[in-house]
Amino acid sequence: MVSDAKVQSQALIVGGGPAGIMAGLLLARSGVTVDVLEKHEDFLRDFRGDTIHPSTLQALDELGLLGELLKLPHQKIKQLHGEVGKSVLTIADFSTLKKTPPYLVLMPQWDFLQFLTREAKKYPNFRLHMKTNAVELLHEGEKIVGVCAESHGVVKDYFAPLTLVADGRDSRMRKAAGFQPQAQGAPMDVLWMKIPRKETDPAEPLGIFRDGKILILIYREDYWQCGYVIPKGSLNRLKSRGLKALQADLKRHVPFLKDSVDALASWDDIKLLTVTVDRLKTWHRQGLLCIGDAAHAMSPIGGVGINLAIQDAIATSNILADALSRSEDVSGLLHSVQARRELPARLTQRAQIMIQNRVIREVLKGQKPFQLPRFLLWAERVRILPKLTARLLGVGIRPEHVQIRKPI
């Protein structure tokens with residue numbers, strides 16, 4: 001592909017999701033000239049992860065941005081509850097957290113990304129290029145020196161000492177770099193839909209596990225963002241039963257939705273999330289580093305994917321910003337980012353896979369009423385489970401802290 005122009009920066013980020021925008025903000029704040037390439041023209045996407053975890057809120061507080069973020073419409077969630085059979089359990093109690101904000105925030109991801117972008121644009125060395133699609137990597141021998149990207153029919157070459165790949169679980173740049181993720185397995189997919197919410201409905205998120213069905217309801221003031229978990233690859237079989245059958249299932253398992261689910265007019269109102277859990281063995285090569293879902297695609301369990309992506313971005317800035325600000329080749333430092341972030345990703349995926357296999361797979365079989373192990377019921381009663389889950393979901397393993405640097 002022949003380029004019409006060249007752009008030079010100190011860091012090039014492919015992908016304008018949570019990992020890419022947060023990394024761009026942090027690097028720009030540290031004096032690094034950053035180009036961020038986002039292939040879409042805006043951040044508006046249905047059913048992206050909308051949870052902002054306490055450790056991410058803590059990082060924003062360290063940046064002095066938490067107060068401004070919370071001026072946007074959001075919901076604070078201090079507890080997560082689940083219905084397992086006929087029992088209602090407190091799964092996580094974030095109010096027990098001591099060193100982070102004691103709550104989880106629900107906010108549409110586009111609002112969160114627009115907020116981070118507004119803050120990043122306060123630095124003149126942050127440059128966001130929307131509707132700019134990275135199509136191939138640029139090489140000097142074995143070293144990656146940038147990407148060739150197309151925007152509105154114009155092709156440009158973007159050069160930088162580091163190309164940061166943050167373009168998600170279906171990353172084209174990861175594939176172009178020769179990386180092949182190792183699949184960890186997922187027994188389910190998720191159907192996402194919007195269902196109107198009545199004033200008499202509950203006002204908090206809810207997970208329902210019973211009679212072979214799993215539903216996740218996320219409170220959105222005037223509607224529910226509903227996740228309906230199905231066995232992997234079963235969408236066509238479900239469609240063959242007809243939309244009315246799906247609506248009947250929802251009415252039966254969530255009685256307070258019985259007057260609302262008819263708002264689903266067609267299958268076009270229902271979006272399929274194909275669940276993937278995978279990770280790269282190596283996240284980097286000379287001049288290039290993968291972070292976020294491009295390095296480790298997470299299960300939607302716990303909504304922790306955004307949190308891990310943000311933590312990757314913080315670690316990347318902490319380790320690389322000084323060298324990047326001097327336009328140095330950071331290839332020798334990239335292994336340090338993977339060494340810092342690989343263990344949290346591996347352990348989180350391991351926990352997700354255990355839940356997938358021991359809980360979700362068993363519930364979806366529907367062969368007999370699902371019952372939680374007695375030790376978990378005991379742990380919930382004595383409040384150990386809600387505290388432990390809040391720590392693992394809200395803070396995670398090896399949380400990152402923003403290094404204090406004098407903003408430019």
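Across Ala186 and Val277, no two heavy atoms sit closer than the pair CB-CG2, 4.3 Å. Residues Thr96 and Ala390 come closest through the heavy atom pair OG1-CB, 4.3 Å. Across Leu37 and Ala149, no two heavy atoms sit closer than the pair CD1-CB, 4.0 Å. Closest heavy-atom contact between Arg172 and Val135: NH2-O, 3.9 Å. The shortest heavy-atom contact between Tyr123 and Arg29 is OH-CG, 3.5 Å. Taking both residues in full, the closest heavy atoms of Asp50 and Ile306 are given as N-CD1, 4.0 Å, listed atom of the first, atom of the second, then distance.
A distance of 6.0 Å or more separates the ring centres of Trp283 and His335. For His53 and Phe94, the gap between ring centers reaches or exceeds 6.0 Å.
Rounded to the nearest 0.5 angstrom, Lys251 NZ and Gln247 CD are separated by 6.0 Å. Taking CD1 of Ile216 as the reference point, atom CD1 of Ile208 lies at 8.0 Å (rounded to 0.5 Å). Leu257 contributes atom CG, which lies 8.0 Å from atom CG of Leu215 (distance to the nearest 0.5 angstrom). Between atom CD of residue Glu119 and atom CD1 of residue Ile21 there is a gap of 12.5 Å, rounded to the nearest 0.5 Å. To the nearest 0.5 Å, the span separating CZ on Arg169 from CE on Met298 amounts to 9.5 Å. With rounding to the nearest 0.5 Å, the separation of CZ in Arg391 from NZ in Lys99 is 7.5 Å.
Partner of Leu243 under the side chain to side chain contact (heavy atoms under 4.5 Å, CB included) criterion, chosen from Asp262, Leu238, Asp269, Ile270: Ile270. Among the candidates His296, Gln349, Glu342, the single residue satisfying the side chain to side chain donor-acceptor pair (under 3.5 Å) test with Arg279 is Gln349.
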Task: Stepwise side-chain contact (heavy atoms from CB on, under 4.5 Å) check, Lys156 with Lys6 - done: CA-CA 6 Å; Lys156 293 182 181 180; Lys6 296 181 180 180; over 6 Å; no

Open item on the list: Quick one, Leu250 with Val254, criterion side-chain contact (heavy atoms from CB on, under 4.5 Å). Give me CA distance, side-chain angles, the key distance, then yes/no.
Closed with: CA-CA 6 Å; Leu250 294 172; Val254 192; 5.6 Å; no

TODO: Might you work through the side-chain hydrogen bond (donor to acceptor under 3.5 Å, both in side chains) test for Ser30 and Asp322, ending with a clear yes or no?
DONE: CA-CA 7 Å; Ser30 300; Asp322 286 342; over 6 Å; no

Open item on the list: Apply side-chain contact (heavy atoms from CB on, under 4.5 Å) to residues Leu162 and Leu288 and explain how you reach the verdict.
Closed with: CA-CA 6 Å; Leu162 173 68; Leu288 180 144; 5.7 Å; no

TODO: Please assess Gln356 against Ser299 for the test side-chain hydrogen bond (donor to acceptor under 3.5 Å, both in side chains), listing each intermediate value before the final yes or no.
DONE: CA-CA 9 Å; Gln356 286 180 168; Ser299 167; 3.2 Å; yes

Open item on the list: Assess the residue pair Asn307 and Ser55 against the criterion (side-chain contact (heavy atoms from CB on, under 4.5 Å)); give the C-alpha distance rounded to whole Å, side-chain angles, the decisive distance to 0.1 Å, and a yes or no.
Closed with: CA-CA 8 Å; Asn307 195 51; Ser55 57; 2.8 Å; yes

Open item on the list: Applying salt bridge (Lys or Arg N to Asp or Glu O under 4.0 Å) to Asp35 and Arg127, what does each step give before you reach the verdict?
Closed with: CA-CA 5 Å; Asp35 283 304; Arg127 304 184 299 223; 2.8 Å; yes

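Within the 3.5 Å criterion, the main-chain N or O of Pro386 finds no donor-acceptor partner in the side chain of Thr389. A donor-acceptor distance shorter than 3.5 angstrom exists from the side chain of Gln184 to the backbone of Gln182, with no hydrogens or angles considered. Between the Thr51 side chain and the Leu106 main chain, no donor and acceptor come within less than 3.5 Å of each other. Looking only at distances, no side-chain donor or acceptor of Glu83 sits under 3.5 Å from a matching main-chain atom of Val88. Not a single donor-acceptor pair under 3.5 Å links the side chain of Arg361 to the backbone N or O of Pro231. Counting only distance, with no hydrogens or angles, the side chain of Asn125 and the backbone of Val32 share a donor-acceptor pair below 3.5 Å. Side-chain atoms of Lys271 come within 3.5 Å of backbone atoms of Asp268 as a donor-acceptor pair (strictly under, hydrogens ignored). Side chain of Ser171 to backbone of Ala294: no donor-acceptor contact under 3.5 angstrom is found. No side-chain donor-acceptor contact under 3.5 Å links Gln225 to the backbone of Lys194. Side chain of Thr117 to main chain of Phe115: no donor-acceptor pair is present (N/O by atom type, distance under 3.5 Å, no hydrogens or angles).
Using a 3.5 Å distance cut-off with no hydrogens or angles, the side chains of Trp224 and Asp201 do pair a donor with an acceptor. Defined by atom type and a distance below 3.5 Å, a donor-acceptor pair is missing between the side-chain atoms of His401 and Gln403. Looking at Thr276 and Asp278, their side chains never bring a donor and an acceptor atom within 3.5 Å of each other.
By the 4.5 Å heavy-atom criterion applied to side chains, Leu69 and Leu57 are counted as neighbours. Side chains of Ile314 and Thr316 form no contact here, defined as non-hydrogen atoms less than 4.5 Å apart. Looking only at side-chain heavy atoms (C-beta outward), Pro399 and Gln311 come within less than 4.5 Å of each other. The closest side-chain heavy-atom distance from Gln10 to Val34 is not below 4.5 Å. The shortest side-chain heavy-atom distance between Tyr223 and Ile195 does not fall under the 4.5 Å cut-off. A 4.5 Å side-chain heavy-atom check between Thr348 and Ile397 finds at least one atom pair inside the cut-off. Taking 4.5 Å as the limit, some side-chain heavy atom of Met22 sits within range of a side-chain heavy atom of Leu116. No side-chain heavy atom of Leu164 sits less than 4.5 Å from a side-chain heavy atom of Val14.
At a threshold of 4.0 Å, the pair Asp189-Lys232 counts as salt-bridged, since one of the basic side-chain nitrogens sits closer than that to a carboxylate oxygen. Classification of Arg341 and Glu400 as a salt-bridged pair holds, one side-chain N sitting under 4.0 Å from a carboxylate O.
With sequence neighbours left out, the salt bridge (Lys or Arg N to Asp or Glu O under 4.0 Å) criterion links Arg174 to no other residue.
The local environment of CZ in Arg252 is crowded, with over 12 non-hydrogen atoms from other residues, nucleotides or ligands closer than 6.0 Å. Crowding of Lys198 atom NZ: a count of heavy atoms from other residues, nucleotides or ligands under 6.0 Å exceeding 12. Within a 6.0 Å sphere centred on NZ of Lys175, other residues, nucleotides and ligands contribute 12 heavy atoms or fewer.
Cation-pi check for Lys78 over Tyr103 is not met; the charged atom does not lie both under 6.0 angstrom from the ring centroid and within 45 degrees of its normal.
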